[in-house]
Amino acid sequence: MQCAGMDVLRIFREEANRILRDVGVNLGVEYAKEGFGDFTLPCFPLAREMKKNPAIIAREIAEKLEGGEYYHRIEAVGPYINFHISPKKLASLTLDAVLSGEIFRFEPKGKVVLEHTSANPTGPLHVGRARNPIIGDTMARILREYGHEVEVQYYVNDAGLQVATLLWGIKNLSRDSRYRDGKCDHLLVEYYQAASRLAEEREEVMEGIRELMRRYEAGDEELREFAREKIGCMLDGIRETLERIGVHVDRFVWESEFIPIAREIAERLSDLVEEEDGAYYVDLSKLGVNMQKTKFYLYRRDGTTLYFLRDIAYHIAKGKGASYLVDVLGEDHKLHFQALRAVVNHLHPDIDMRPLFYSFVRLPEGKMSTRKGLVVYLDDLLEEGYARALEVLRDRNYSEEEANSIAEGVAISSIRYSILNVQEEKPITFRWERALSFEGESAPFIIYTYARASSIMRKGSWGGSYSPDLLVHPQEIRLLKLMARYHEVIRNSAERLSPYFLARYAYDLAMQFNQFYRDCPVLSSSGELRESRMALVEAFRTVMRRVLENLGLVPLEKM
RNA sequence: GGGCGCGUGGCCUAGCCAGGAUAUGGCGGCAGCCUCCUAAGCUGCAGGUCGCGGGUUCGAAUCCCGCCGCGCCCGCCA
């Protein structure tokens, strides 16, 4: 057994390549299409080399191949050589790897600092921004599974203009605090909205906000104390929403902490810095980078620092001791990130910064905007999801407590999955029906299969044994093959920084289990077949639970 | 105007990185399935010029070039 854990499918693949090497073919096999075996070797490249018909080459090679215990058939079909996995070997390797937990073991890897959300603490999270925490949290879970030590950070932008606007509003305006539960994010957002409107209309308001910012940067203790309290309360509201959808942040890092360090770093950038009207910027054309914009400002004319400079300081600090950094960012940050990385690497070439970009969630009417009232808050979406789930549960025999807990799990999972099941770079148009779909490609569909499997295991009593040669039904084999892929899916998802691959896998697994459930009765079978099928169900449950946990979906035993 | 991304049946979506054998699947529509391990499930039917045009290749949804449409960015905001 390798120390890296058991990547079952890779064992089969390497065996196929070994068989080919033994007859002098040094090409690797690919996955075959459904109906054409498990792996295939297209012979077109060989045909070109040997100037022979690929179909003839395929036939000649196939005749020389011996499948051994791993392959029960290897045959030429046209210009392809198709490898068919031996079901018995598949069942024994897969079930052993899953039931021993070996399939979930990955080689330990270095530390990753993953930053996500980092929304300005000026209001509640809305669904336009919800992609960030959900993708970020899931990515963190996947990287942990893959063997990394992961620290999740939320960068609190307390030093910028937006927060100064909020603070100015709280100090100078009065609002009716009519919002629910006393959640600060909902309570205080009105001050921010009102203050932003005023600042647009009246120059003296804008000046007041700037003055506040200058005092904040200068370290005015009274103001700092005021800000810590208000922003802290705002963050509590945001954190509460995050925790409700299963998103955990390890550290909230306050941007203002980096102001002194940022000033030191600016000194070290003197070879790039230029001055203009008292403001300072770096000129990235001096680095020979090919960007459409090369001037990035570090200081305003009044000497206060800008986000770009503070972010450089933050990333250098994060880079210490991390094997790499992951930033989960909206597509609007692409240019910023490119420039940021160029500067950070200019000073610290060893810091490995990797972005995970996503496109925005928009409303059918257009981009979400708190100010225009074009907004759906994440809290409201959760409440609506909860209510709809409860409605579905009404005519089932669940106690109130059970129903509430299932509805909460369904709501959280549905929302997370509706985000995760779309490639990150594709835009999403928010629709209630889609975000809260309980059928088809949805979280409830997936979790339902888990509940079905759990129900089988509750009702039967499995002795713990199985016979791999009895699991020969095509549907049993399909399910086993998919489970055997677990290792590869996690690796792919982690290395490509995309939770989406795992989301697809969850759906595929669920679909295959539903087919199995339909075709292969478990509890009404008898003897060793019953035992073996129960082993398969237990293995499915084990893999599925792990997949659900990595996606942050709630594994419900009943629903 | 320039840079980046996206463009697959009425709607949404897979496959694109590493080009191959009949282009995934869902929603909606129509027609069926609960004396049988949970019907949040399953089966069948209808529906596609893979944005358009070139190119590379034995072979292109996939790679390259051009164009069109949409989004994001091009701030002494973040």
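Throughout, protein chains are lettered first and strands after them, A, B, ... in sequence-line order, and every chain is numbered starting at 1.
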| query | Of all residues at least two apart in sequence or in a different chain, which pass the ring pair (Phe, Tyr, Trp, His ring centres under 6.0 Å) check with A:F296? | reply | A:F308
| Using a 3.5 Å cut-off on both pairing distances, which stems of three or more Watson-Crick or G-U pairs include RNA chain B? | B:1-7 with B:68-74, B:10-12 with B:25-27, B:29-33 with B:41-45, B:51-55 with B:63-67
| What nucleic acid atoms does A:R530 come within less than 4.0 Å of, heavy atoms only: base, sugar-phosphate, or nothing? | nothing
| remark: Residue pairs meeting ring-ring contact (aromatic ring centres under 6.0 Å, His included), one or both in residues 37-57 of chain A, sequence neighbours left out, come to A:Y31-A:F39, A:F44-A:Y80
| query | How many Å lie between CG on A:D332 and P on B:A78, as a whole number? | reply | 13 Å
| task | Quickly work out the A:Q423 CD to B:C17 C1' distance and round it to whole Å. | result | 11 Å
| task | Fit a plane to each ring of A:F513 and A:F516, take the angle between them on a 0 to 90° scale, and name the class: parallel (under 30°), tilted (30 to 60°) or perpendicular (over 60°). | result | tilted
| said: For a quick check of understanding: with a heavy-atom distance under 4.0 Å over all strands, which category does A:R431 fall into, base, sugar-phosphate or nothing? | reply: nothing
| said: Keeping A:W462 on the side-chain end and A:E531 on the backbone end, is there a donor-acceptor pair under 3.5 Å? | reply: yes
| said: Regarding A:S455, tell me which of base, sugar-phosphate or nothing describes its non-hydrogen contacts under 4.0 Å with the strands shown. | reply: base
Which atom pairs, donor and acceptor, lie under 3.5 Å between side-chain atoms of residues 419-427 of chain A and protein residues at least two apart or in another chain?
| unit_1 | atom_1 | unit_2 | atom_2 | d |
| --- | --- | --- | --- | --- |
| A:N421 | OD1 | A:Y417 | OH | 3.4 |
| A:N421 | OD1 | A:R504 | NH1 | 3.1 |
| A:N421 | ND2 | A:E441 | OE1 | 3.2 |
| A:E424 | OE1 | A:S498 | OG | 2.9 |
| A:E424 | OE2 | A:S498 | OG | 3.2 |
| A:E424 | OE2 | A:Y500 | N | 3.3 |

| field | Atom pair distance, as rounded to whole Å: CG in A:N514 and C1' in B:C37 | value | 12 Å
| request: Provide, to the nearest angstrom, the distance between the OH atom belonging to A:Y299 and the C1' atom belonging to B:C76. | output: 13 Å
| query | For A:R452 and B:A40, what is the distance between atoms CZ and C1' respectively, to the nearest whole Å? | reply | 9 Å
| field | A:F357 six-ring face occupied by A:K334 cation (under 6.0 Å, within 45°) | value | yes
| How does protein reach along nucleotides 62-71 of chain B, written 5' to 3' as B (base within reach of a heavy atom under 4.0 Å), S (only sugar-phosphate), or - (no contact)? | ---------S
| task | Specify the separation, in whole Å, of atom CG of A:N397 and atom P of B:A40. | result | 13 Å
| task | Using a 4.0 Å heavy-atom cut-off across all strands, classify A:V410 as base, sugar-phosphate, or nothing. | result | base
| Which part of the nucleic acid, if any, lies within contact of A:L393, taking any heavy atom under 4.0 Å across all strands shown: a base, the sugar-phosphate backbone alone, or nothing? | base
Between the protein and nucleotides 18-25 of chain B, are there any N/O to N/O pairs under 3.5 Å, and if so, what are the atom names and distances?
| unit_1 | atom_1 | unit_2 | atom_2 | d |
| --- | --- | --- | --- | --- |
| B:G20 | O2' | A:Y80 | OH | 2.2 |
| B:A21 | OP2 | A:K33 | NZ | 3.3 |
| B:A21 | N6 | A:T40 | OG1 | 3.3 |
| B:A21 | N6 | A:N82 | OD1 | 3.3 |
| B:A21 | N1 | A:N82 | ND2 | 3.4 |
| B:U22 | O4 | A:E34 | O | 3.4 |
| B:G25 | O2' | A:E441 | OE2 | 3.1 |
| B:G25 | O2' | A:Y507 | OH | 3.1 |
| B:G25 | N3 | A:E441 | OE2 | 3.3 |

| task | Pick base, sugar-phosphate or nothing for A:E433, based on heavy-atom distances below 4.0 Å to the nucleic acid. | result | nothing
| task | Looking at every strand, decide which applies to A:D302 at a 4.0 Å heavy-atom threshold: base, sugar-phosphate, or nothing. | result | nothing
| query | Rounded to the nearest Å, what distance is computed from the CZ atom of residue A:R301 to the P atom of nucleotide B:G75? | reply | 16 Å
| Does a side-chain heavy-atom distance below 4.5 Å link A:N404 with A:Y386? | yes
